[in-house]
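Structure first, then comments.
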Amino acid sequence: MAAPAPDPQPGPAPDSDPVRDTSPGPGPVHDTPPGTGPGHGPERDSPPGTDPDADVRPGTGPDGTDAEAPPRPDPLTVPSMSAGPDFVLRPWEMSDLPLIREAAQDPYIPLITTVPSRYSDRAAEEFVRRQWGRAATGAGYPFAIVRSRDRRPVGAIGLWLRDLPEGRASIGYWMVPYGRGQGVTRAALRTVTGWALRDLGIPRLQLFIEPWNTASARIAVDVGYRHEGLLRGWQQVGDERRDMAVYGLLNSDGPVDGRAVASN
């Protein structure tokens, strides 16, 4: 798994990676964002001040907003995409509660994401709503990873945009045991990476992976990411600060999956 970017998402085993939400989170989808991947906190990326339900102060601007406040990000539409012949990426649904139940039982996933460590239907529904909220507030694109033949969800991946004004974004992901060992993580990461670089034109993508997670690191390198260094004490995981290895991929690098990532 790839951790959500500190502030929100570390990574798992060769396709057995548990989670890697490198979304920048609050925001590496912890619950980022950027862990890319895989990771911590895909769900921790809600930037402050973007709550669509927040009260508006009257008298500050023509529409009741602060004239000097930065514009809020536009809502995002999470697309559905094929991740190879056997899996698809799609927006989260309330029917995905069984996936959250399984993830809550994993010893690592709740540490680096906002998946509840103690499952309840209410907590799981709140998790799904957080994913919807991330798209609604422009924080990023949260996807459920679903097996095509029976529509069974097996994991999650998110593209987190907290640092997009600086020309970079992070990816975080996690996979429950049932989905590991099938090449799913690699296919999902390759799909989101190619889409973000080619279609969205993001200049740089990054993943944050705990140094022990050699399986996740191998997946990142296979997709085209380069190991760029070690960030000491970069992210809070459970009760301690953990080092994170950073992996990066530029729009000018490539190819990803046999195709050049840059459109020019």
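Hydrogens, waters and symmetry mates play no part in the numbers below; they use all other heavy atoms, side chains included.
Inter-residue side-chain proximity for I202 and N251 is flagged as unmet; no heavy-atom pair is nearer than 4.5 Å. At least one side-chain heavy atom of P79 sits under 4.5 Å from a side-chain heavy atom of W195. Side-chain contact between P91 and S80 is present, with at least one heavy-atom pair separated by less than 4.5 Å. At least one side-chain heavy atom of V176 sits less than 4.5 Å from a side-chain heavy atom of L99. No side-chain heavy atom of R147 sits under 4.5 Å from any side-chain heavy atom of R151. F143 is listed as a side-chain neighbour of M81, based on a closest heavy-atom distance under 4.5 Å. Inter-residue side-chain proximity for R149 and D86 is flagged as unmet; no heavy-atom pair is nearer than 4.5 Å. In this structure, the side chains of L161 and L76 come closer than 4.5 Å at one or more pairs of heavy atoms.
L111 approaches G238 most closely through the heavy-atom pair CD2-CA, 3.7 Å. What you find for P85 and S148 is that their closest heavy atoms are O-OG, 4.1 Å. The two residues T191 and A83 have their closest heavy-atom pair at OG1-CA, 3.4 Å. Taking every heavy atom of both residues into account, P211 and L230 meet most closely at CG-CD1, 3.7 Å. V223 and R186 make their closest contact through CG2-O, 4.0 Å (heavy atoms, listed as atom of the first residue, atom of the second, distance). Closest heavy-atom contact between P142 and A135: CD-CB, 4.3 Å.
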In sequence, state the C-alpha distance, the side-chain angles, and the governing distance for Q182 and F87, and then conclude on side chain to side chain contact (heavy atoms under 4.5 Å, CB included). CA-CA 10 Å; Q182 306 174 57; F87 294 89; 3.8 Å; yes
Test E93 against W132 for side chain to side chain contact (heavy atoms under 4.5 Å, CB included), laying out the working first. CA-CA 9 Å; E93 301 174 354; W132 296 345; 5.6 Å; no
Take V146 and V154 through the test side chain to side chain contact (heavy atoms under 4.5 Å, CB included) and record every step on the way to the result. CA-CA 6 Å; V146 180; V154 297; over 6 Å; no
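Taking the centre and axis of the six-membered ring of Y178, the NZ or CZ atom of R152 falls inside the cone set by 45° and 6.0 Å.
Heavy-atom contacts from other residues, nucleotides or ligands closer than 6.0 Å to CG of D150 number more than 12. Within 6.0 Å of CZ in R241 there are more than 12 heavy atoms belonging to other residues, nucleotides or ligands.
Residues T193 and Y225 have side chains that bring a donor and an acceptor to within less than 3.5 angstrom of each other.
Taking CG of L189 as the start and CG of L159 as the end, the distance is 11.0 Å to the nearest 0.5 Å. We find the CZ-OG1 distance between R180 and T185 to be 8.5 Å, quoted to the nearest 0.5 Å. The distance from the CZ atom of R226 to the OH atom of Y247 is 14.0 Å, given to the nearest 0.5 Å. Separating the CZ atom in R168 from the CG atom in L205 is a distance of 12.0 Å, to the nearest 0.5 Å. One distance of note links CG of L164 with CZ of R204; it measures 13.5 Å at 0.5 Å rounding. Annotation: the span from I109 atom CD1 to I100 atom CD1 amounts to 11.0 Å, rounded to 0.5 Å.
Although no hydrogens or angles enter the test, the distance criterion places no donor-acceptor pair under 3.5 Å between the side chain of Q105 and the main chain of P107. Panel note: side chain E166, backbone R162; no donor-acceptor pair is recorded below 3.5 Å. Side chain of D163 to main chain of A169: no donor-acceptor pair is present (N/O by atom type, distance under 3.5 Å, no hydrogens or angles). Distance alone, capped at 3.5 Å, places no donor-acceptor pair between the D106 side chain and the A103 backbone. The main-chain N or O of F127 is found under 3.5 Å from a side-chain atom of Q131 such that the two form a donor-acceptor pair. When atom types are taken as modelled, the side chain of W92 and the backbone of R129 share no donor-acceptor pair closer than 3.5 angstrom. Not a single donor-acceptor pair under 3.5 Å links the side chain of D222 to the backbone N or O of I219.
Here W174 and Y108 keep their ring centres 6.0 angstrom or further from each other.
Ring-plane geometry between W234 and F208 is classed as parallel, the angle between the planes falling under 30 degrees on a 0 to 90 degree scale with a further cut at 60.
When the side chains of ILVMFWY residues are joined at heavy-atom separations under 4.5 Å, either directly or via intervening members, V88 and V184 end up in two distinct hydrophobic clusters.
Applying side chain to side chain contact (heavy atoms under 4.5 Å, CB included) to R90 and the options D96, V78, I145 leaves one that passes, D96.
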